[in-house]
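Report on the structure given below.
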Amino acid sequence: MTKVGIDAINFYTSDFYLNLEELAKERGVDSDKFKIGIGQERMSFPSPDEDIVTMAANAAYPIVQNCDKSKISTIMLATETGVDQSKAASIFVHELLGMPSTTRAVELKQACYSGTAGVQMACALVERNPEEQVLLIMSDIAKYDLDSPGEPTQGCGAVAILISANPSILELSPKTGIHTESSHDFWRPNYRQTPVVDGKYSTLVYIKAAKKAFAQLTEKSGVAFDEIDNFCYHLPFSTMGVKAHLKVAKSAKTEKPKEELLKQLDPILIYNKEIGNSYTASIYIALCSLLDNSETDLTGQKVALFSFGSGCVGEFFYGTVVEGYKEKLHTEAHKAQLLNRTELSFSEYLRFYQFKLPQDGSTFQLEHETRGMFRLAEIKDHYRVYSKCER
Ligand code: CAA
């Protein structure tokens with residue numbers, strides 16, 4: 001069987017962030033609730049001229065620069081925050097990246113989970129034609145109502161992944177565990193910009209799905225909890241991953257002490273605490289965080305990943321880290337991007353939050369605010385005009 005998995009991975013987030021201490025002050029909340037209770041320190045927030053398309057193109061650009069575009073058979077873009085009810089966001093990205101017309105483009109949806117459906121589909125496509133590659137992008141803006149419990153769990157980001165045969169970073173096992181069950185924990189009717197969410201219930205749905213999916217993964221693969229060196233979780237906020245990990249460990253009957261289990265998660269939380277939730281991208285930003293920040297060489301180690309989308313679908317799958325993986329990472333660029341972001345004041349955050357594009361088809365030029373290479377420049381005749389900026 002062909003070895004298939006992740007050959008390249010890169011993430012992008014907005015250049016702007018709100019410090020959660022500032023949010024706590026404005027909302028009259030003890031800042032430790034955000035820092036310790038939900039485990040978040042800052043949240044990336046997009047400027048009006050950024051959206052899931054610009055973030056996706058920015059995440060994918062360094063990858064396509066370093067590969068043979070003609071080998072990429074498909075671009076899949078997974079998102080909860082689509083910009084059009086009909087046209088796939090991946091077609092905009094296809095154009096911005098200068099992809100050949102022979103590359104197919106499609107958009108995927110299932111709350112925060114769909115990127116992982118994309119991973120499985122991409123692996124199957126590569127298995128069919130091992131000389132081809134699939135560019136998979138997860139891109140989202142997590143936006144909740146102002147002054148709601150979800151407000152401190154906002155964020156935004158995109159991750160681009162190249163799936164190929166004989167991958168350089170993570171070889172993925174075809175054995176996975178899945179839990180699908182209809183639930184109304186978080187959903188977004190077409191007429192709403194923000195989700196309807198029962199936050200407490202959603203954490204219970206998440207944990208149930210994680211335990212069920214892990215049990216099935218073990219049953220199908222024969223791989224036990226203690227044989228897995230690293231765990232990555234979808235992170236709507238950091239303590240969600242921590243709670244789920246302890247519950248999964250308990251139901252898998254490991255004898256590992258709690259301190260060891262908590263330590264296992266340290267490297268995956270680093271970027272999330274800075275960026276916040278990024279829905280589909282979140283679990284893969286956690287993977288970048290692990291690969292970039294782990295103190296040990298991960299070569300040969302197993303990494304299990306739990307992907308979750310409210311509504312709900314959860315999937316636990318795993319891979320093995322490939323020798324030489326560090327050379328393919330974008331560690332310095334990731335760290336530099338987070339370090340060089342601009343802090344928003346609370347009133348600037350509100351301006352970004354409240355900005356609305358015209359909905360009557362009138363022409364509107366956006367102020368240039370992002371420092372990213374790709375930006376939304378104009379709206380006219382009901383369509384979006386993107387531009388590439390020279391740096
Ligand atoms: N110091 C330290 N800790 C404190 C504290 C303080 N001063 N004040 C409160 N805390 C702790 C609380 O004890 C609580 O801890 P536990 O969870 O261990 O009990 C934690 O901080 C949070 O406090 P609350 O439960 O009072 O918080 P809340 O009611 O304001 O809401 C939330 C928390 C439900 C997560 C809310 O932020 C929310 O609805 N978020 C959006 C939904 C979400 O992210 N759901 C997650 C699963 S769904 C999913 O994964 C899909 C997706 O991406 C959305």
Side-chain angles (χ1 to χ4, degrees), residues 18 20-21 23-41 43-44 52 78-81 109-117 138-159 179-188 192-213 232-248 258 262 265 268-269 272-273 275-286 305-316:
L18 181 69
L20 290 192
E21 278 194 13
L23 182 66
K25 200 170 76 195
E26 291 291 335
R27 297 302 181 209
V29 171
D30 180 354
S31 60
D32 279 353
K33 173 174 173 180
F34 298 160
K35 195 170 180 178
I36 300 166
I38 66 167
Q40 295 301 121
E41 303 202 355
M43 61 188 191
S44 286
I52 57 138
T79 187
E80 193 270 355
T81 355
K109 181 181 74 175
Q110 182 2 69
C112 312
Y113 162 76
S114 59
T116 298
M138 282 57 84
S139 186
D140 264 310
I141 297 167
K143 194 171 176 185
Y144 290 87
D145 288 339
L146 289 176
D147 208 6
S148 71
E151 189 180 27
T153 65
Q154 299 178 107
C156 67
V159 179
H179 181 77
T180 300
E181 179 180 346
S182 182
S183 61
H184 279 98
D185 57 320
F186 168 110
W187 69 103
R188 191 159 65 83
R192 283 184 62 113
Q193 297 298 308
T194 53
V196 183
V197 56
D198 181 344
K200 292 270 162 56
Y201 175 50
S202 73
T203 62
L204 300 178
V205 174
Y206 179 116
I207 288 169
K208 178 180 175 189
K211 289 198 294 192
K212 293 265 186 192
C232 281
Y233 286 85
H234 162 56
L235 297 171
F237 52 96
S238 291
T239 51
M240 180 73 252
V242 174
K243 278 184 187 179
H245 191 48
L246 297 178
K247 296 282 186 192
V248 168
K258 186 175 174 188
L262 294 178
L265 295 195
I268 74 159
L269 304 180
N272 184 266
K273 283 173 185 282
I275 294 170
N277 197 356
S278 52
Y279 292 166
T280 52
S282 156
I283 179 179
Y284 298 99
I285 292 182
L305 298 104
F306 177 62
S307 180
F308 175 78
S310 290
C312 81
V313 182
E315 181 162 353
F316 241 119

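Order of listing sets the numbers, starting from 1, for every ligand and every atom in it.
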Per-atom contact, atom 2 (C) of ligand 1, protein heavy atoms, under 4.0 angstrom: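 Yes, at least one protein heavy atom sits under 4.0 Å from atom 2 (C) of ligand 1.
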Would you mind reporting whether [Y] and [X] have side-chain heavy atoms less than 4.5 Å apart?
X	Y	result
L20	Q154	no
K143	Q193	no
D198	H184	no

Report the part of [X] in contact with ligand 1, treating N, CA, C, O as backbone and CB onward as side chain, heavy atoms under 4.0 Å; options are side chain, backbone, both, neither.
X	result
T239	neither
S202	both
V205	neither
D30	side chain

Looking only at distance, does [X] have an N or O less than 3.5 Å from an N or O of ligand 1?
X	answer
Y206	no
K33	yes
P152	no
K243	yes

Could you grab the distance from atom OG of S278 to atom CD1 of I52, nearest 0.5 Å is fine?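 The CD1 atom of I52 is 12.5 Å from OG of S278, to the nearest 0.5 Å.
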Should one rank F237, Y144, Y201, Y113 by closest heavy-atom distance to atom 35 (C) of ligand 1, which comes out on top?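 Checking each option, the heavy atom nearest atom 35 (C) of ligand 1 is found in F237.
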Parallel, tilted or perpendicular, as decided by the 30° and 60° cut-offs, for the rings of Y206 and F308: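 Ring orientation of F308 relative to Y206: tilted.
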